[in-house]
Protein chains: 2
Amino acid sequence: MMDADVPRTPARRRRDAAATRQAILDAAVAAFTRHGYDGVGVREIAQSAGVTAMLINRYFGSKEQLFAEAVDVAFAPRTVIAGTGDALAGETARALAARTAPEADELGPFLLMLRSAANPSAAEIMRDAIARHAGRHLGEELSGDAAGVRAELMLALQAGVWLLRSVLATTALRDAPQEELAAHMEPLFRRLTDPQ
Amino acid sequence: MMDADVPRTPARRRRDAAATRQAILDAAVAAFTRHGYDGVGVREIAQSAGVTAMLINRYFGSKEQLFAEAVDVAFAPRTVIAGTGDALAGETARALAARTAPEADELGPFLLMLRSAANPSAAEIMRDAIARHAGRHLGEELSGDAAGVRAELMLALQAGVWLLRSVLATTALRDAPQEELAAHMEPLFRRLTDPQ
DNA sequence: GTCTATAAATGGATAGAC
DNA sequence: GTCTATCCATTTATAGAC
């Protein structure tokens, strides 16, 4: 036959360890965000990445270590706060109202955090990640007394809004218009961002 | 023998359907609060109640229906907010700081909510319970524009503090002295309780 | 570098005895 | 009214073939 000597190109992807590892990691971030640590199995993640479950242990050692790397990826970008200086409170409130809107099925570190918090091992991994990433980001913006406490209260308020509005979809927050909700949240953030 | 006619008193408990049902329900509230819906099995709950797993399905139909009743029990008492009128913000802030302290390993509806939020069925059950209980309690206290949104923002802030301070134990919130933390949270609650 | 096959444990739910 | 025993699905992790 004519194609006897043509180099075969597998349907999915070349055999490339780095690319496979990255595909698994991307799938893991999405899956853990949508279903939480306990809510998703390694088979499901592997299938999304187009590989078999075995490769997860091959490249990451265990489900828990894969989760640790996924958390690091999800928490690294500075998505938790928006804007700087005087605009910090307003921008954060508006971004939060937009991203937790019922029609915006967005991902993001808060959903990963909320949906994995029940597992003690996952909680410990996330606590360390917060100290390394989010805490550091907010520490750059906030100054004055008790900057650490005020920064974590900002995170707490955001996490709570994500929980009630996005995860549980309680009626008042779900139905609130974006601008109105942002207007209610901005003074809360401002009380925390302004130096005291 | 002398004891042939003496009524036998079983070691644990009489055969009493109502008492057994209540024992299962109490054990379920504690277990779901500590480990979340997905983090605990019916065998474990049954063992805490001193019965076998089978009786859970006998009396409640399924794990999910047992969870629904446990949520209703946990959310019914008015523990989410403290005080009334002018004292509402301050009392809520102080109670929250006290109950989320590292040394106080307390239970309560917020821990149940946070640790079960990852499961979609559990989330729906909790959304309905919030509408029936917590929303109604806060609705009695709050008045003015957008009372519903402000009430749910109060719940969100409390849930977020429970998450970071109690579940994740992030450093700044964990190490903050109770009075200082309450002082930082009170103006946030006041901004939400005061009629607008 | 990736697969199939399977081990070993655990989940919720059910049948039938007493 | 409560038990033992079991079914069946699903989980993480591993062994060994190609």
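Residue numbering restarts at 1 for every chain, and letters A, B, ... go by the order of the sequence lines.
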query = Less than 4.0 Å between a side-chain N and a carboxylate O, is that true for B/Arg132 and B/Asp72?
reply = yes
key: Ionic contact status for A/Arg21 with A/Glu69, cut-off 4.0 Å   = yes
task = Convert the base pairs of DNA chain D into dot-bracket notation, remembering that pairs crossing earlier ones are written with [ ] and that bases paired across to another strand are shown as |; include only Watson-Crick or G-U pairs under 3.5 Å.
result = |||||||.||||||||||
Can you tell me how far [atom2] of [N] sits from [atom1] of [X], to the nearest Å?
X       : N      : atom1 : atom2 : result
B/Arg58 : D/dT4  : CZ    : P     : 16 Å
A/Lys63 : D/dT10 : NZ    : C1'   : 12 Å
A/Ile56 : C/dG1  : CD1   : P     : 17 Å
A/Phe60 : C/dT2  : CZ    : C1'   : 15 Å
B/Arg43 : D/dC3  : CZ    : P     : 14 Å
A/Gln47 : D/dT11 : CD    : C1'   : 15 Å
A/Leu55 : D/dA13 : CG    : P     : 14 Å
B/Glu64 : C/dG11 : CD    : P     : 18 Å

ask   = Can you tell which of A/Arg174, A/Gln178, A/Arg165 makes a side-chain hydrogen bond (donor to acceptor under 3.5 Å, both in side chains) with A/Thr100?
value = A/Arg165
message = Taking 4.0 Å as the cut-off, does a side-chain nitrogen or oxygen of B/Thr52 come that near to OP1 or OP2 on D/dT2?
response = no
ask   = Does OP1 or OP2 of C/dT2 have a side-chain N or O of A/Thr20 closer than 4.0 Å?
value =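 Yes, because at least one side-chain N or O of A/Thr20 sits under 4.0 Å from OP1 or OP2 of C/dT2.
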request  = Working to the nearest 0.5 Å, report the span between CG of B/Leu188 and OG1 of B/Thr193.
outcome  =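 Between B/Leu188 CG and B/Thr193 OG1, I get 10.5 Å after rounding to 0.5 Å.
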For the residue pair [X] and [Y], establish whether any side-chain heavy-atom pair is separated by less than 4.5 Å.
X        : Y        : result
A/Ile130 : A/Arg127 : no
A/Asn57  : A/Lys63  : no
A/Phe32  : A/Val71  : no

request  = Could you say whether A/Gly61 or A/Glu44 is positioned toward the 5' end of DNA chain D, judged by the nucleotide with the nearest heavy atom to each?
outcome  =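 In this pair, the answer is A/Glu44.
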key: Nucleotide nearest B/Asn57 (side chain, heavy atoms from C-beta), chosen from D/dG1, C/dT14, C/dG1   =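 Shortest atom-to-atom distance from the side chain points to C/dT14.
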ask   = Picking from C/dG12, C/dG1, D/dC3, which would you name as closest to the side chain of B/Met54?
value = D/dC3
task = Check the surroundings of atom CG in B/Asp175: do more than 12 heavy atoms from other residues, nucleotides or ligands lie under 6.0 Å from it?
result =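 Counting neighbours around CG of B/Asp175, more than 12 heavy atoms of other residues, nucleotides or ligands fall under 6.0 Å, so yes.
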inquiry  = Classify B/Tyr59 by what it touches in the nucleic acid, base, sugar-phosphate, or nothing, heavy-atom distance under 4.0 Å.
reply    =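 Sugar-phosphate contact only - B/Tyr59 comes under 4.0 Å of backbone atoms but never of a base.
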query = Hey, can you pull the residues of residues 28-42 of chain A with a non-hydrogen atom under 4.0 angstrom from DNA chain D?
reply =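 Result for residues 28-42 of chain A: A/Val40, A/Gly41, A/Val42, sorted by number.
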task = Please lay out, stage by stage, how B/Leu107 and B/Arg34 fare under the test side chain to side chain contact (heavy atoms under 4.5 Å, CB included).
result = CA-CA 7 Å; B/Leu107 299 184; B/Arg34 266 190 265 267; 3.9 Å; yes
